[in-house]
Amino acid sequence: MTVRVRFAPSPTGYLHIGSARTALFNYLYARNVGGKFLLRIEDTDLARSTEESTRSILDGLKWLELDHDEEIVFQSDNADKHRAAALKLLAEGKAYRDFTPRAEPGGQNVKEGIAERARANQGVRNMRDNEYRELDPDDSDARAAAGEPFAIRLKVPLDGITVFEDKVYGLQERNYDDTEDLVLLRSDGHPLYNLAVVCDDIEMGITDVIRGQDHLTNAHKQILIYNSLGVEPPNFAHLPLILAPNKGKLSKRKHGEVVSMTTYRDAGFLAAAFRNFLALLGWSAGEEKEIYSLEELVEKFSFEGIHRSNAVFNFKENDPRHWTDDKAQWMNAEYIRTMPLEELLPFVKAELKSAKLWREEYEPEGRALSETIASTSDVGPDERPAAMAIDLPEHGSHDWFVHTVDLIRQRFFTLKDFSRQGRAYFSEDYDFDPAAVEKNLSKFPDLRSWLPELADRFEAMGSFMEPEIESVVKAFAEEKATKLGIIMNGARTLLTGVAVGPSMLAVFETIGQERSIRRLRSRMAWNSGV
RNA sequence: GACCGGUUCGUCUAGGGGUCUAGGACACCGCCCUUUCACGGCGGCAACACGGGUUCAAAUCCCGUACCGGUUACCA
């Protein structure tokens, strides 16, 4: 039998980080065993479900590249089937009509109300002591026919236990006594979650249900429904939860955008990096390795590697440097710095495009992309031999673009850095970081005249490549009896607007002779300073 | 309250009775490299929740306690 799993989010918000991981694990398992990964939108709570949310969830999945098989199922389309199932159970005496008037929906905090009531009922109430449970079927029919509203509840057997072997949590047993006669159909005819899930999973032929641990007790209720319906329950695998730094629930209300998948997409994260991070939250291949490609994750995925304890998603709300989990940030930087250049290029292109920094000249002309890369980036920027310099691409060309991306990515964390910190490489219109101006320019007033003077030296140069640049700048620093670093850092600030970056010689060379000269002479940074 | 689950460095984790003076990663802190730096290299700090057993031997097995989480809806 081929494995069929599903990811079944309810569209009441964007794709939450925990849901994203659930989707990932479903996907990994399906691909690992050659099964199908299906998608179902659980939109039966009309009041809370929105189309926008559905779109956002789909966007998130698409971004993570978790492609689903077959058509998306919308649970609301199946309401009639759910009702029919409830009616069938009613007809078979496996469910009953509850004529108890619907209770007033509690105050603001539903959960607290539930806990409160549970405490109050402590030891008194049998979970199945409903007065209508054993109502004579004829009476029941008569009252229903008279138009009296009723809910349909499952008639949970008196004695026995539900048992299943959870693929993560192991053997799970629960006394029927601990499960109430759950409502299948609301008095307004609306099918409820547990019924809908079971019916849909049966209809979709789901063999393995992989979802958050918050559904562990639902599994028992659902098994009861499967039993009543006479259908063999699927396998269950529950995943540990992802918690907030205070070990509480991670929610949009409390934690805001950090939990949304779109935040990461918009912040310049690579899907591959984020997937990698997500996979390691609650799962381990049992080896000392952190970086896994999707293919490796698929290959190594197993339920044995999944934890039983919840994981904390660590971040500091008011600290920009740690706005999200440090490891996620590191992972993304690691990908940007080390992934094959040809895979990174399209992302940089998209980023530059959206920042209006992309130029058609960066487009490869005729040459295959890989060919270009081989000629410019096999050698790391730091140990590029002199011979390479001969081929140094001209600014504005595709080769230059490739060369530049490879040079500047070494200190970048997100795709956004290419259009922000790296803006000066692609545009004449860039800002100066006040801290950099303060640190590298304002402190050394002499640079105000020295840097334009250095520009004059550059202008006199024939070839503008690292070795020549180096001797010119060194001679200049000696002449001015100052430290080379002062000149270099001042120039860096003028040329790039920021205080950090690759080797300054490489920066000069990459920015190019003409632009370097112009920028060294510019007064803009000085005027922007304090 | 009841039922269910969990508890190894700040965080993610390795660990399935001896190889554990508990390993890796991130973060943090030093040092080195360097013209600077958020790259890189080297190093440091830092954990088996607690109490009882079982055993020659326990982070690993059993029991209890504490704490944390989930569920307990005519929500999903």
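It should be emphasised that the depicted structure is a prediction, and the values quoted were computed from it without experimental measurement. The figures here come from the full heavy-atom set of this structure, side chains too, leaving out hydrogens, waters and symmetry mates. Numbers restart at 1 for each chain; the letters A, B, ... are given by sequence-line order, proteins then strands.
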Colleague: Check whether the side chain of A/Ser187 and the base of B/C74 form a donor-acceptor pair under 3.5 Å.
Modeller: yes
Colleague: Give me the distances for all protein-to-nucleotides 44-49 of chain B N/O pairs that come in under 3.5 Å?
Modeller:
none

Colleague: Starting at the 5' end of RNA chain B and moving along, which residue's nearest nucleotide shows up first, A/Asn440 or A/Ser10?
Modeller: A/Asn440
Colleague: Output every pair passing salt bridge (charged side-chain N to carboxylate O under 4.0 Å, His left out) with a member in residues 318-328 of chain A, not counting sequence neighbours, ordered by first then second residue.
Modeller: A/Glu290-A/Lys327
Colleague: For A/Pro340, which residues count as a side chain to side chain contact (heavy atoms under 4.5 Å, CB included) partner, sequence neighbours excluded?
Modeller: A/Glu342, A/Glu343
Colleague: Which residue lies toward the 5' end of RNA chain B, A/Leu241 or A/Val500, if each is placed at its nearest nucleotide?
Modeller: A/Val500
Colleague: Taking RNA chain B as the partner, which of residues 481-491 of chain A come within under 4.0 angstrom of it by heavy atom?
Modeller: A/Gly485, A/Met488, A/Asn489
Colleague: Tell me the interatomic distance from A/Leu216, atom CG, to B/U72, atom P, rounded to whole angstroms.
Modeller: 12 Å
Colleague: From CG of A/Leu505 over to P of B/C37, roughly how many Å is that when rounded to an integer?
Modeller: 16 Å
Colleague: Once side-chain hydrogen bond (donor to acceptor under 3.5 Å, both in side chains) is applied, do any residues pair with A/Thr44, and if so which ones, sequence neighbours excluded?
Modeller: none
Colleague: Between protein and nucleic acid, restricted to nucleotides 6-13 of chain B and to nitrogen or oxygen atoms under 3.5 Å apart, what atom pairs and distances do you find?
Modeller:
unit_1: B/U11; atom_1: O4'; unit_2: A/Asn314; atom_2: ND2; d: 3.1
unit_1: B/C12; atom_1: OP1; unit_2: A/Val312; atom_2: N; d: 2.6
unit_1: B/C12; atom_1: O2'; unit_2: A/Leu280; atom_2: O; d: 2.9
unit_1: B/C12; atom_1: O2; unit_2: A/Lys327; atom_2: NZ; d: 3.1
unit_1: B/U13; atom_1: OP1; unit_2: A/Gly282; atom_2: N; d: 2.3
unit_1: B/U13; atom_1: O3'; unit_2: A/His307; atom_2: NE2; d: 3.3

Colleague: In whole angstroms, how far is the P atom of B/U35 from the CG atom of A/Leu447?
Modeller: 17 Å
Colleague: Taking N and O atoms by type only, does the side chain of A/Ser503 place a donor or acceptor under 3.5 Å from a partner on the base of B/U34?
Modeller: no
Colleague: Does a distance-only test, which skips hydrogens and angles, find a donor-acceptor pair under 3.5 Å between the side chain of A/Arg153 and the base of B/C74?
Modeller: no
Colleague: Once side chain to side chain contact (heavy atoms under 4.5 Å, CB included) is applied, do any residues pair with A/Gln172, and if so which ones, sequence neighbours excluded?
Modeller: A/Phe164, A/Asp166, A/Tyr169, A/Leu216, A/His220
Colleague: Any N or O donor-acceptor pair linking the side chain of A/Arg411 to the base of B/C37 at under 3.5 Å?
Modeller: yes
Colleague: Does A/Thr44 make a side-chain N or O approach to OP1 or OP2 of B/A76 shorter than 4.0 Å?
Modeller: yes
Colleague: Not counting sequence neighbours, list each pair that qualifies as a ring-ring contact (aromatic ring centres under 6.0 Å, His included) and has a residue in residues 182-202 of chain A.
Modeller: A/Tyr193-A/His215
Colleague: What is the distance, rounded to the nearest whole Å, between atom CG of A/Leu407 and atom C1' of B/C39?
Modeller: 11 Å
Colleague: When you measure from the centre of the six-membered ring of A/Phe99, is the NZ or CZ of A/Arg143 under 6.0 Å away and within 45° of the axis?
Modeller: yes
Colleague: Quickly work out the A/Leu171 CG to B/C4 C1' distance and round it to whole Å.
Modeller: 12 Å
Colleague: Do the side-chain N or O atoms of A/His190 get closer than 4.0 angstrom to the phosphate oxygens (OP1, OP2) of B/A76?
Modeller: yes
Colleague: Rounded to whole angstrom units, what separation is found between the CD atom of A/Glu173 and the P atom of B/C3?
Modeller: 14 Å
Colleague: With a 3.5 angstrom cut-off on both distances, give the Watson-Crick or G-U wobble partner of B/G40, or none if there isn't one.
Modeller: B/C32
Colleague: Look at the side-chain N and O atoms of A/Arg321 and state whether any lies under 4.0 Å from the OP1 or OP2 oxygen of B/C28.
Modeller: yes
Colleague: For A/Arg97 and B/C74, is the shortest distance between a side-chain N/O and OP1 or OP2 below 4.0 Å?
Modeller: no
Colleague: Checking A/Lys221 now: which residues fulfil side chain to side chain contact (heavy atoms under 4.5 Å, CB included) with it, not counting sequence neighbours?
Modeller: A/Thr179, A/Leu182, A/Asn194, A/Asn218
Colleague: Go through the structure and list residues passing side-chain hydrogen bond (donor to acceptor under 3.5 Å, both in side chains) with A/His82, not counting sequence neighbours.
Modeller: A/Asp200
Colleague: Can you tell me the distance, in whole Å, between the NZ atom of A/Lys443 and the P atom of B/U36?
Modeller: 14 Å
Colleague: Strictly by Watson-Crick or wobble contacts shorter than 3.5 Å, is anything paired with B/C3, and which nucleotide is it?
Modeller: B/G70
Colleague: Suppose the criterion is salt bridge (charged side-chain N to carboxylate O under 4.0 Å, His left out): which pairs have a residue in residues 73-83 of chain A, not counting sequence neighbours?
Modeller: A/Asp80-A/Arg83, A/Lys81-A/Glu203
Colleague: Provide the full list of salt bridge (charged side-chain N to carboxylate O under 4.0 Å, His left out) pairs with a residue in residues 304-314 of chain A, sequence neighbours left out, each pair given once.
Modeller: none
